[in-house]
Amino acid sequence: MQEILFTALVVTAIASALAAVLTLADRTVGNYGQVQMTINNDKQFTVEGGKTLLSTLIGQKVFIPSACGGKGSCGYCKVKVHDGGGPVLATEKPMLTEEELANDVRISCQIKVKQDIQIEIPEELFNVKEYDTTVERVEQLTKTIKLLRFNLGEETISFKPGQYVQLKAPAYEGNDEEVYRAYSVASSVNDPNHLELLIGYTGGIATTYVHQHLKEGDEVNINGPYGDFHYQEDDGGPIIMAAAGTGMAPILSILQYMADHEIQREAIFFFGARTMEDLFLSEKMKEFEEKLNFRYVPALSREESAEWTGIKGRVPVAIDQFIKDGAPYSAYLCGSPQMIDSIRESLKEHGVPEEKIYYDEF
Ligand SMILES: Cc1cc2nc3c(=O)[nH]c(=O)nc-3n(C[C@H](O)[C@H](O)[C@H](O)COP(=O)(O)OP(=O)(O)OC[C@H]3O[C@@H](n4cnc5c(N)ncnc54)[C@H](O)[C@@H]3O)c2cc1C
Ligand code: FES
């Protein structure tokens, strides 16, 4: 019996000693000291090693799109790392194409800065700024969607209609993680002291913060703008817009831009929802119909009531009814990947060229 106890004690002692050595090794190896980060060959920062490249850049007020907040699932935080990035990690590979791998593209939230590093980012990201805003208004649009209006105070933001910003959700009771999430701007580019966002409740980290904790007068940190999805000053042909839920946000900003600039190109907006309860800002849509050469077409997939005399079915059903084959359309789509896939297919069948279909998936 004594022998068993002695053996158990020896095993425990060895295990504890090993754990202490491992902790020490981790601390020593994890301490990379100060390293040089060079961006686009001309900007140099001395930074503390050990954090992810994305966090290190945020620490220097250089903001990279990071829609999933660094979870390694969105693939938005790509930067070129020409030197010092170490081998490509298994967590990066699913988000990188062969061409990107050959061109030094890396997933910045996955790699750690451990040594001097040389990176390249699009110049426009240096225009991304951080804003300390105050919540001016919160409006419940549907059971799950809120419109939030943020006041930027003396600051102004310059963005293109359709682009998005990132909102920082701080830690709150029940969540100790601070995260950034992407939200399309719903307001006008001509109101640069304010930002309006439509935020839908999903039960996730940021939307729980917005829907259950955030109130008028609170301060919120926002950075941006980001994104290639925006209104194009192209051939001036007719426009098809399609969205569901909070996907209406960038469309609103585009319509507001068209109204502000008296752009009278023909435009039709298909809005997909389940029932009449899911419709919102219908009065605003009427105002656009009065001001612009514009038609608003909500399509309800699950409305049983006889009160609803509009389109019954999904957006492609409405597209079949309203779109003239062969007209020189361009299209702006915003919604879930499944919805966008089905609408793209439907538009292609009606002869809208792939390169004139712009979309943001979320
Ligand atoms: C370019 C772009 C623009 C966007 N614009 C908008 C916009 O205008 N409006 C908008 O509302 N969103 C927008 N999004 C989506 C937004 O960025 C977030 O992904 C979304 O708000 C969810 O964030 P979250 O932190 O609440 O969810 P996360 O915590 O990131 O969770 C991700 C998903 O997991 C599920 N989930 C997580 N935890 C739970 C739980 N406890 N219970 C149930 N489900 C759970 C939810 O479905 C959730 O959507 C945009 C995304 C992109 C990429
Ligand atoms: S921030 Fe989403 S993959 Fe890096």
Side-chain angles (χ1 to χ4, degrees), residues 51-58 63-79 81 89-96 100 105-112 121 140-150 159-172 174-187 195-214 222-230 243-254 278 280-281 332-337 339-340 358-362:
K51 289 189 187 154
T52 66
L53 177 55
L54 179 70
S55 308
T56 308
L57 285 165
I58 292 175
F63 297 98
I64 305 290
S66 53
C68 72
K71 279 191 188 153
S73 59
C74 70
Y76 273 56
C77 63
K78 290 173 184 170
V79 302
V81 180
L89 304 172
T91 49
E92 297 177 81
K93 283 184 183 159
M95 286 175 277
L96 295 169
E100 286 173 329
V105 177
R106 302 290 300 271
I107 303 293
S108 68
C109 69
Q110 296 300 296
I111 55 176
K112 276 195 175 170
I121 61 172
Q140 191 81 42
L141 296 178
T142 68
K143 275 186 191 156
T144 55
I145 299 177
K146 281 186 175 182
L147 182 152
L148 291 108
R149 182 172 170 83
F150 299 90
F159 62 96
K160 294 181 183 158
Q163 283 192 300
Y164 69 95
V165 292
Q166 293 189 155
L167 176 145
K168 180 155 95 179
Y172 54 85
N175 164 57
D176 46 18
E177 222 185 314
E178 173 184 288
V179 298
Y180 288 90
R181 293 287 184 267
Y183 295 101
S184 305
V185 180
S187 47
L195 283 170
E196 286 180 5
L197 309 179
L198 304 183
I199 301 190
Y201 181 63
T202 67
I205 297 176
T207 58
T208 299
Y209 162 68
V210 168
H211 279 257
Q212 295 180 3
H213 298 268
L214 201 59
I222 289 178
N223 63 59
Y226 301 98
D228 302 328
F229 178 79
H230 52 76
T246 54
M248 187 192 276
I251 306 294
L252 273 170
S253 188
I254 291 174
D278 304 319
F280 56 91
L281 298 180
Y332 296 83
L333 321 177
C334 202
S336 68
M339 176 190 164
I340 291 198
Y358 313 108
Y359 56 92
D360 232 358
E361 291 176 351
F362 56 83

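Heavy-atom basis, side chains included; hydrogens, waters and symmetry copies ignored. Numbering of ligands and ligand atoms starts at 1, following listing order.
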**Student:** State the CG-OG1 distance between Leu197 and Thr246, to the nearest 0.5 angstrom.
**Tutor:** 10.5 Å

**Student:** Answer yes or no: is there a donor N or O on one side and an acceptor on the other, between the side chain of Glu100 and the main chain of Val105, under 3.5 Å?
**Tutor:** no

**Student:** Quick check on contacts: which atoms of ligand 1 are under 4.0 angstrom from a heavy atom of Ser184?
**Tutor:** 3 (C), 4 (C), 5 (N), 6 (C), 7 (C), 8 (O)

**Student:** To check your reading of the model: name the closest protein heavy atom to atom 41 (N) of ligand 1, its residue, and the distance in Å.
**Tutor:** Gly203 O, 3.2 Å

**Student:** Quick one: look up the protein heavy atom nearest atom 48 (C) of ligand 1 and list residue, atom name and how far away it is.
**Tutor:** Thr202 OG1, 3.4 Å

**Student:** At less than 4.0 angstrom from any non-hydrogen atom of Cys77, what atoms of ligand 2 do you find?
**Tutor:** 1 (S), 3 (S), 4 (Fe)

**Student:** In ligand 2, which numbered atoms sit nearer than 4.0 Å to a non-hydrogen atom of Gly75?
**Tutor:** 2 (Fe), 3 (S)

**Student:** Around atom 1 (S) of ligand 2, find the nearest protein heavy atom and jot down its residue, atom name and distance.
**Tutor:** Gly70 N, 3.3 Å

**Student:** Go through ligand 1 atom by atom and flag the ones less than 4.0 Å from a non-hydrogen atom of Tyr164.
**Tutor:** 1 (C)

**Student:** From the options Tyr180, Tyr183, Phe362, Tyr209, select the one whose nearest heavy atom is closest to atom 18 (C) of ligand 1.
**Tutor:** Tyr183

**Student:** How many angstroms lie between CZ in Phe63 and OH in Tyr180, if you round to the nearest 0.5 Å?
**Tutor:** 5.5 Å

**Student:** Could you tell me whether Ser73 approaches ligand 2 through its side chain, its backbone, both or neither, with non-hydrogen atoms closer than 4.0 Å?
**Tutor:** backbone

**Student:** Nearest 0.5 Å please: distance from the NZ atom of Lys160 over to the CG atom of Asp228.
**Tutor:** 8.5 Å

**Student:** Please check: side-chain N/O of Ser108 versus main-chain N/O of Cys77, any donor-acceptor pairing under 3.5 Å?
**Tutor:** yes

**Student:** Quick check against the 3.5 Å criterion: does Lys78 have a side-chain atom that pairs as donor or acceptor with the backbone of Leu96?
**Tutor:** no

**Student:** Verify the contact flag for atom 1 (C) of ligand 1, where contact means a protein heavy atom under 4.0 Å away.
**Tutor:** yes

**Student:** In ligand 1, which numbered atoms sit nearer than 4.0 Å to a non-hydrogen atom of Lys71?
**Tutor:** 29 (O), 30 (O)

**Student:** Ligand 1 and Ala182, any nitrogen or oxygen pair closer than 3.5 angstrom?
**Tutor:** yes

**Student:** Regarding Cys74, does it place an N, O or S atom less than 2.8 Å from atom 4 (Fe) of ligand 2?
**Tutor:** no

**Student:** Only heavy atoms of Ala67, strictly under 4.0 Å: list the atoms of ligand 1 that pass.
**Tutor:** 53 (C)

**Student:** Give the numbers and elements of all ligand 2 atoms closer than 4.0 Å to a heavy atom of Gly72.
**Tutor:** 3 (S)

**Student:** Calculate, to the nearest 0.5 Å, the distance between atoms CZ and OG belonging to Arg149 and Ser187 respectively.
**Tutor:** 7.0 Å

**Student:** For Ala169 and Tyr209, work out which heavy atoms get closest and say how close.
**Tutor:** CB-CD2, 3.6 Å

**Student:** Counting each atom of ligand 2 from 1 as listed, which ones have a heavy atom of Cys109 under 4.0 Å away?
**Tutor:** 1 (S), 3 (S), 4 (Fe)

**Student:** Yes or no, since that's all I need: does a protein heavy atom fall within a distance strictly under 4.0 Å of atom 35 (C) of ligand 1?
**Tutor:** no

**Student:** Is the contact between Leu198 and ligand 1 made by the side chain, the backbone, both, or neither, using heavy atoms and a 4.0 Å cut-off?
**Tutor:** backbone

**Student:** Looking only at distance, does Asp360 have an N or O less than 3.5 Å from an N or O of ligand 1?
**Tutor:** no

**Student:** Please round to the nearest 0.5 Å and tell me the distance separating atom CG of Asp360 and atom OH of Tyr164.
**Tutor:** 7.5 Å

**Student:** Please state which part of Tyr76 comes within less than 4.0 Å of ligand 1, counting heavy atoms only: side chain, backbone, both or neither.
**Tutor:** side chain

**Student:** Any protein heavy-atom neighbour for atom 38 (N) of ligand 1 (distance below 4.0 angstrom)?
**Tutor:** yes

**Student:** Give the atom numbers and elements of ligand 2 that come within less than 4.0 Å of a heavy atom of Ser66.
**Tutor:** 1 (S)

**Student:** Say whether Thr208, considering both its backbone and side-chain N or O atoms, lies within less than 3.5 Å of an N or O atom on ligand 1.
**Tutor:** no

**Student:** What do you think, any protein heavy atom under 4.0 angstrom from atom 4 (C) of ligand 1?
**Tutor:** yes

**Student:** Angle class for the Tyr172/His213 ring planes (parallel below 30°, perpendicular above 60°, tilted otherwise)?
**Tutor:** tilted

**Student:** Holding to side-chain contact (heavy atoms from CB on, under 4.5 Å), I want the full list of residues that pass it with Ala249, two or more places apart in sequence or in another chain.
**Tutor:** Ser184, Ala186, Leu198

**Student:** Look at atom 30 (O) of ligand 1 and find which of Arg181, Met248, Gln163 reaches it with the closest heavy atom.
**Tutor:** Arg181

**Student:** Does ligand 1 come near enough to Ile205 that some N or O of the ligand is less than 3.5 Å from an N or O of the residue?
**Tutor:** yes

**Student:** So if I count the atoms of ligand 2 from 1 in the order they appear, which ones are less than 4.0 Å from some heavy atom of Cys68?
**Tutor:** 1 (S), 2 (Fe), 3 (S)

**Student:** Can you check whether Gly200 has an N/O within less than 3.5 Å of an N/O in ligand 1?
**Tutor:** yes

**Student:** Tell me, do Arg106 and Leu53 make a side-chain contact under 4.5 Å, heavy atoms counted?
**Tutor:** no

**Student:** Using modelled atom types and a 3.5 Å cut-off, is there a donor and acceptor pairing between side-chain atoms of Arg181 and backbone atoms of Gln166?
**Tutor:** no

**Student:** Are Ile199 and ligand 1 in contact, using a heavy-atom cut-off of under 4.0 Å?
**Tutor:** yes

**Student:** Which atom pair, heavy atoms only, marks the closest approach of Pro225 to Phe159?
**Tutor:** CB-CB, 3.6 Å

**Student:** Between His211 and Ile199 (side chain of the first, backbone of the second, donor and acceptor by atom type, cut-off under 3.5 Å), is there such a pair?
**Tutor:** yes

**Student:** Taking atom NZ of Lys143 and atom CZ of Phe280, what is their separation to the nearest 0.5 Å?
**Tutor:** 15.0 Å

**Student:** To which protein heavy atom is atom 27 (O) of ligand 1 closest, and what is the distance rounded to 0.1 Å?
**Tutor:** Gly204 CA, 3.3 Å

**Student:** Hey, which atoms in ligand 1 end up nearer than 4.0 Å to a heavy atom of Ala206?
**Tutor:** 24 (P), 25 (O), 26 (O)

**Student:** For a quick test of reading the model, state the closest non-hydrogen atom pair linking Phe229 to Tyr358 and the distance between them.
**Tutor:** CE1-O, 3.4 Å

**Student:** Could you tell me whether the side chain of Thr207 reaches within less than 4.5 Å of the side chain of Tyr183, counting heavy atoms only?
**Tutor:** yes

